[in-house]
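Predicted, not measured: the structure shown is a model, and the values here were computed from it. Because only heavy atoms are used, hydrogens play no part in the values below, and waters and symmetry mates are left out as well, while side chains stay in.
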Amino acid sequence: MEHLQNSKKRVLLIAPTYMDLYEDIRSTLEQMGFNVTFYPDLRIKGDPYNKASGVKTHLSIQNFTTKIENIWNEIMINDMYDGVYDYLLVIDGLSVPCSLINRLREKNANLLACNYLYDRVKGVYELERNFPYFDRIFTFDQSDSKEYGLSFLPIYWMPSNERHHIIYNVFGFGAYDSIRLNVFRHIKKIIRGDNFIKVYYSKDKKITMIIKNIVKLLTKKQHIPISDLYSGLITNKTISPNEFRQMILSSNAVIDTNHPYQDGLTARFMWALGAEKKIVTTNSSVRSYSFYSKEQIFIIEDNWSDLSSFLNSHFVMSPEIRNEVLKYRIDNWLHTILS
């Protein structure tokens with residue numbers, strides 16, 4: 001593999017703060033010898049490029065562009081390197097205007113501008129507006145890769161040198177959606193032992209949650225059955241990104257659910273994969289990945305009756321699969337993007 005000439009090279013990292021993914025990238029780049037400046041990729045209320053269902057997009061494209069250009073002009077006025085960077089690494093880039101990329105190129109004609117998409121373009125967010133301004137564009141989603149001619153690259157996983165005692169047989173946690181709730185409910189009925197399987201619903205106290213769902217039931221809106229609210233399946237307590245990872249490392253198996261509109265693998269899936277955990281997933285597209293193994297990955301659309309035997313079977317990752325998974329360890333992942 002070509003090694004990056006990274007002696008004190010400067011990287012401008014623009015990324016969302018979701019799940020602290022930017023912290024992984026920033027710290028690893030610094031370990032690799034780069035000077036890193038980080039700015040968050042902002043979500044702007046009324047963003048007209050946001051095509052997700054239920055989102056109000058009241059700003060015009062002109063007003064949105066003016067707004068984000070003003071934000072970045074203010075940021076760059078105070079930038080410690082005056083916009084002089086060797087690399088630009090943008091994760092998604094919802095609030096990144098093309099004028100910013102042009103401005104950085106004026107400061108350094110040899111700038112390498114890279115974009116990694118951890119969001120779908122098709123029908124979710126129109127990230128393609130900036131594609132012509134980047135040198136390299138990668139996506140976690142196979143369908144977007146084919147449709148837009150982008151490089152396909154699953155998201156990274158982080159190595160851990162800590163030793164973790166197994167606490168849970170199965171770990172599953174995520175924000176409420178009807179698919180996740182149905183999957184978690186079904187799995188919880190099948191398995192036994194010490195497990196942590198919970199859907200995060202809201203910060204409301206249980207009685208408030210019950211009242212809200214009774215109102216939704218009466219108005220024929222999507223609701224959570226009261227039996228689920230009392231089952232221990234629903235929680236109003238969230239967990240931090242670090243706690244989430246620790247629970248993956250402390251479990252034998254991890255439940256993964258994906259949005260129906262995407263076939264890319266979640267960060268949860270890749271973290272569990274890198275930790276060599278068994279994975280129970282709704283994402284059937286994983287069959288096409290080079291690291292797919294039915295000994296490690298159970299696809300829910302397969303026979304539910306086989307789930308117990310899958311969870312109880314002995315699993316050791318093969319050297320061949322381990323070599324494939326190693327490609328997505330964060331340092332190798334960054335090499336792929338920047339080298």
Side-chain angles (χ1 to χ4, degrees), residues 14-22 39-75 90-101 115-134 137 139-141 143-144 147-148 150 155 173-182 199-205 208-224 234-238 241 257-264 266-268 282:
I14 302 173
T17 55
Y18 170 76
M19 289 294 288
D20 290 348
L21 300 182
Y22 75 97
Y39 296 120
D41 185 21
L42 306 173
R43 286 188 176 271
I44 306 298
K45 188 176 181 180
D47 184 344
Y49 292 105
N50 192 337
K51 301 305 177 183
S53 61
V55 175
K56 295 181 179 179
T57 57
H58 61 269
L59 289 178
S60 68
I61 289 176
Q62 182 177 352
N63 288 341
F64 172 78
T65 302
T66 300
K67 188 169 187 173
I68 59 174
E69 285 181 342
N70 289 340
I71 290 171
W72 284 103
N73 284 338
E74 185 69 26
I75 289 172
V90 176
I91 309 299
D92 285 347
L94 278 61
S95 66
V96 175
C98 61
S99 59
L100 173 64
I101 306 173
N115 189 196
Y116 183 84
L117 306 181
Y118 189 52
D119 220 333
R120 277 217 66 182
V121 177
K122 184 70 173 179
V124 178
Y125 193 92
E126 294 181 356
L127 290 157
E128 72 271 26
R129 71 182 190 274
N130 283 341
F131 286 179
Y133 302 92
F134 287 102
I137 308 171
T139 177
F140 84 117
D141 191 270
S143 296
D144 272 359
E147 179 153 354
Y148 296 94
L150 311 177
I155 198 168
F173 184 86
Y176 168 77
D177 69 53
S178 57
I179 293 175
R180 176 173 288 137
L181 179 61
N182 287 333
V199 173
Y200 171 75
Y201 182 60
S202 74
K203 294 180 180 179
D204 296 327
K205 293 181 179 180
T208 306
M209 292 165 61
I210 292 171
I211 293 171
K212 282 186 176 181
N213 277 277
I214 289 174
V215 172
K216 289 180 179 180
L217 173 62
L218 294 174
T219 56
K220 298 184 178 180
K221 293 182 179 180
Q222 191 177 72
H223 68 285
I224 299 175
I234 309 296
T235 180
N236 63 355
K237 295 180 180 179
T238 189
T257 58
N258 67 305
H259 292 291
Y261 58 77
Q262 73 184 41
D263 59 35
T266 64
R268 176 196 305 107
T282 57

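The main-chain N or O of N63 is found under 3.5 Å from a side-chain atom of S60 such that the two form a donor-acceptor pair. In this structure, the side chain of D141 does not engage the main chain of R120 through any donor-acceptor pair within 3.5 Å. Checked by atom type and distance alone, the side chain of T57 never pairs as donor or acceptor with a backbone atom of G46 at under 3.5 Å. At distances below 3.5 Å, at least one donor-acceptor pair connects side-chain atoms of N130 with backbone N or O atoms of V96. Under a 3.5 Å cut-off, the side chain of D41 and the backbone N or O of I14 do not form any donor-acceptor pair. Remark: the backbone N or O of V90 is paired with a side-chain donor or acceptor of N115 at under 3.5 angstrom.
With rounding to the nearest 0.5 angstrom, the OG1 atom of T266 is 8.5 Å from the CD1 atom of I155. In this structure, I137 CD1 and L117 CG are separated by 7.0 Å, a value rounded to the nearest 0.5 Å. D119 contributes atom CG, which lies 9.5 Å from atom OH of Y125 (distance to the nearest 0.5 angstrom). To the nearest 0.5 Å, atom CG of residue D47 and atom CG of residue L42 are 11.0 Å apart. If you take NZ on K67 and CD on Q62, they are separated by 14.5 Å, rounding to the nearest 0.5 Å. Residue S99 holds its OG atom at 6.5 Å from CG of N73, rounded to the nearest 0.5 Å.
Checked for salt-bridge contact, D144 and K122 miss the test: no charged N lies under 4.0 Å from a carboxylate O.
The minimum heavy-atom distance linking P40 with T17 is given by the pair CB-CG2, 4.1 Å. Of all the heavy atoms in I179 and P260, the pair that sits closest is CD1-CG, 3.3 Å. The minimum heavy-atom distance linking P97 with S95 is given by the pair CD-O, 3.3 Å.
Between W72 and Y39, the ring planes are perpendicular. Angles over 60° get that label, and only those under 30° would be called parallel.
Ring centroid separation for the pair F64 and Y49 comes in under the 6.0 Å cut-off.
Judged as a ring-ring contact (aromatic ring centres under 6.0 Å, His included), and not counting sequence neighbours, F173 has no contacts. By the salt bridge (charged side-chain N to carboxylate O under 4.0 Å, His left out) test, D92 is found to be paired with no residue, residues two or more places apart in sequence or in another chain being considered. Partners of Y261 according to the ring-ring contact (aromatic ring centres under 6.0 Å, His included) rule, which considers only residues two or more places apart in sequence or in another chain, are H259. Remark: E69 engages no residue in a salt bridge (charged side-chain N to carboxylate O under 4.0 Å, His left out) (not counting sequence neighbours). For T257, the side-chain hydrogen bond (donor to acceptor under 3.5 Å, both in side chains) partners are R180, not counting sequence neighbours.
The list of salt bridge (charged side-chain N to carboxylate O under 4.0 Å, His left out) pairs with a residue in residues 48-60, not counting sequence neighbours, reads K51-E126.
The shortest side-chain heavy-atom distance between L181 and Y176 falls under the 4.5 Å cut-off. Residues I91 and P16 are in side-chain contact: their nearest non-hydrogen atoms beyond the backbone lie under 4.5 Å apart.
Residue F131 qualifies as enclosed at atom CZ: its count of foreign heavy atoms under 6.0 Å is above 12.
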